[in-house]
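Notes follow once the structure below has been shown.
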Amino acid sequence: MANEDSKPVIFCDFDGTITEIDVTDQLLSLLAHPSWREVEQEWMRGTIGSRECLERQMALVEATEEEFNALVDTIRVDPAFVPFHEYFRRRRIPIFILSDGFDSVIRRVLRRAGLGGRLAFRGRVFASALKWKHGRLKTRFPHASAGCRHGCATCKVAVMKKLGRSGFKILIGDGLSDRFAAEAADLVYAKGQLLAYSRDRGLKVRAFETFADVQADLEARLAVRRAHRKLAGRVLVTS
Ligand SMILES: [Mg+2]
Ligand SMILES: [Zn+2]
């Protein structure tokens with residue numbers, strides 16, 4: 001665990017965190033055979049990991065690519081995420097998106113929100129992959145980890161360990177797919193099921209509703225960090 005003086009690295013869930021609703025749930029609710037819910041139950045009970053869950057669920061989608069994209073285009077992001085992203089980009093504090101959801105869907109949603117420009121998230125989205133093949137959806141999981149015990153579609157813990165290194169790891173999330181990542185973070189911003197989970201587990205967690213809340217809290221923390229460093233510098237000089 002890093003302390004607050006280490007450089008912050010922000011890891012952010014996508015579905016239900018950056019977006020107002022869970023994109024994958026929405027796609028499945030409207031476009032998949034209803035048996036997707038039985039698969040979801042197996043995942044909730046912990047019988048299967050999210051990788052197997054998504055693989056089986058996406059195979060149940062009965063739609064054309066046009067219908068699928070039209071639905072993706074109705075998904076809105078938290079309006080406060082745009083200034084949040086800009087604020088940390090200017091301060092060179094990296095934001096990585098970690099998601100069990102799908103890379104192409106995430107990029108399409110971010111582009112519509114005006115976040116696709118300036119190659120904003122190149123190399124910073126860690127998610128599952130989706131491809132149309134003979135009118136059916138095929139999944140691929142380039143960020144599943146061989147060492148992962150949970151069967152994660154995207155092993156958020158593995159990515160955080162690799163990219164967070166000695167940094168102060170901040171996780172922003174909302175759901176059960178973030179629970180293992182929350183345990184690996186130095187500080188968690190949570191809403192929804194993740195908030196209850198993090199509190200139950202005694203993790204260092206703060207509640208949020210929009211990215212404006214997270215930004216305000218982080219700004220205050222960063223100001224304290226700067227003051228500490230200044231003070232430490234002065235002590236060094238005078239001693
Ligand atoms: Mg989520
Ligand atoms: Zn994992």
Side-chain angles (χ1 to χ4, degrees), residues 2 6-20 22-24 50-51 54 72 75-131 139-145 148 152-175 177-191 194 208 210-215 217-219 221-222:
S6 316
K7 185 178 160 58
V9 188
I10 301 174
F11 297 98
C12 191
D13 171 52
F14 187 73
D15 285 279
T17 299
I18 293 177
T19 62
E20 291 173 346
D22 189 303
V23 185
T24 307
S50 60
R51 184 176 41 201
L54 280 172
V72 171
I75 305 292
R76 285 163 36 89
V77 309
D78 173 351
F81 182 70
V82 180
F84 175 90
H85 170 260
E86 184 58 19
Y87 179 88
F88 290 102
R89 188 186 68 80
R90 270 198 257 116
R91 281 156 188 77
R92 298 182 188 283
I93 293 174
I95 303 174
F96 295 100
I97 296 178
L98 311 182
S99 175
D100 276 348
F102 300 98
D103 188 275
S104 52
V105 170
I106 292 171
R107 287 180 192 284
R108 192 174 172 104
V109 173
L110 290 177
R111 243 193 334 269
R112 274 184 67 89
L115 285 160
R118 300 184 302 255
L119 302 170
F121 282 97
R122 192 164 74 157
R124 296 210 169 153
V125 177
F126 293 82
S128 308
L130 201 58
K131 219 167 72 185
T139 46
R140 215 164 42 78
F141 302 98
H143 303 291
S145 160
C148 164
C152 304
T154 292
C155 188
K156 300 188 181 193
V157 174
V159 177
M160 282 170 73
K161 284 195 175 144
K162 198 168 129 205
L163 297 170
R165 286 196 196 98
S166 57
F168 184 71
K169 294 185 269 304
I170 297 161
L171 177 79
I172 309 167
D174 76 307
S177 72
D178 302 310
R179 64 193 187 274
F180 308 124
E183 311 248 7
D186 296 302
L187 172 65
V188 182
Y189 290 95
K191 57 182 176 179
L194 185 66
F208 82 98
T210 78
F211 275 87
D213 305 328
V214 183
Q215 187 177 334
D217 193 69
L218 273 175
E219 275 184 52
R221 280 171 184 275
L222 292 177

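Small disclaimer: the values here were computed from a predicted structure and weren't measured.
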Sort out for me which residue in Ile106, Asp103, Leu163, Ile97 forms a side chain to side chain contact (heavy atoms under 4.5 Å, CB included) with Phe126. Leu163
Closest contact, heavy atoms only, Phe208 versus Thr210: CD1-O, 3.5 Å
Gap between atom CZ of Phe211 and atom CD1 of Ile172 - 0.5 Å precision: 5.0 Å
For Val9, what residues pass the side-chain contact (heavy atoms from CB on, under 4.5 Å) criterion, not counting sequence neighbours? Phe11, Pro94, Phe96
Locate the shortest heavy-atom distance separating Asp13 from Ile18; write the atom from each residue and the value. O-CG1, 3.5 Å
So, using side chain to side chain donor-acceptor pair (under 3.5 Å) as the criterion, who are the partners of Asp100 when residues are at least two apart? Ser50
Using salt bridge (Lys or Arg N to Asp or Glu O under 4.0 Å) as the criterion, list what pairs up with Arg179, not counting sequence neighbours. none
Between SG of Cys155 and NZ of Lys161, what distance do you get to the nearest 0.5 Å? 8.0 Å
Main-chain N/O of Leu98 paired with Lys156 side-chain donor or acceptor, under 3.5 Å: yes
Please name all residues satisfying salt bridge (Lys or Arg N to Asp or Glu O under 4.0 Å) with Arg91, sequence neighbours left out, ordered by chain then number. none
Can a donor-acceptor pair be found, under 3.5 Å and without considering hydrogens, that links the side chain of Ser99 to the backbone of Ala127? no
Less than 4.5 Å apart, side chain to side chain, heavy atoms only: is that true for Phe14 and Val23? yes
Using a 4.5 Å cut-off on heavy atoms from C-beta on, say whether the side chain of Leu115 contacts that of Phe81. yes
Any side-chain heavy-atom pair from Leu54 and Phe102 closer than 4.5 angstrom? yes
What heavy-atom pair brings Pro8 and Ile170 nearest, and what distance separates the two atoms? CB-CD1, 3.9 Å
Treating Asp178 as the side-chain partner and Gly175 as the backbone partner, does any N or O pair qualify as donor plus acceptor under 3.5 Å? yes
Matching residue for Ser128 among Thr154, Thr24, Thr139 - test: side chain to side chain contact (heavy atoms under 4.5 Å, CB included): Thr154
Got a second to check how far Asp213's CG is from Tyr189's OH, nearest 0.5 Å? 10.0 Å
To the nearest 0.5 Å, how far apart are CD1 in Ile10 and NZ in Lys169? 13.5 Å
Please indicate whether Lys162 has more than 12 foreign heavy atoms, meaning atoms of other residues, nucleotides or ligands, lying under 6.0 Å from its NZ. no
Locate the shortest heavy-atom distance separating Lys191 from Gly16; write the atom from each residue and the value. CE-O, 3.0 Å
Listed partners of Phe180 passing side-chain contact (heavy atoms from CB on, under 4.5 Å), at least two apart: His150, Cys152, Val157
Looking only at heavy atoms, the pair that brings Ala182 and Val188 closest together is O-CG2, 3.7 Å
Under the side chain to side chain donor-acceptor pair (under 3.5 Å) test, which residues partner Asp22, sequence neighbours left out? none
NZ of Lys131 to OG of Ser104, rounded to nearest 0.5 Å, is 11.5 Å
Are Ile93 and Leu222 packed together at the side-chain level, in the sense that at least one heavy-atom pair is separated by less than 4.5 angstrom? yes
So CZ of Arg51 and OG of Ser145: to nearest 0.5 Å the spacing works out to 9.0 Å
For the student: nearest non-hydrogen atoms of Lys7 and Arg92, plus distance: NZ-O, 2.9 Å
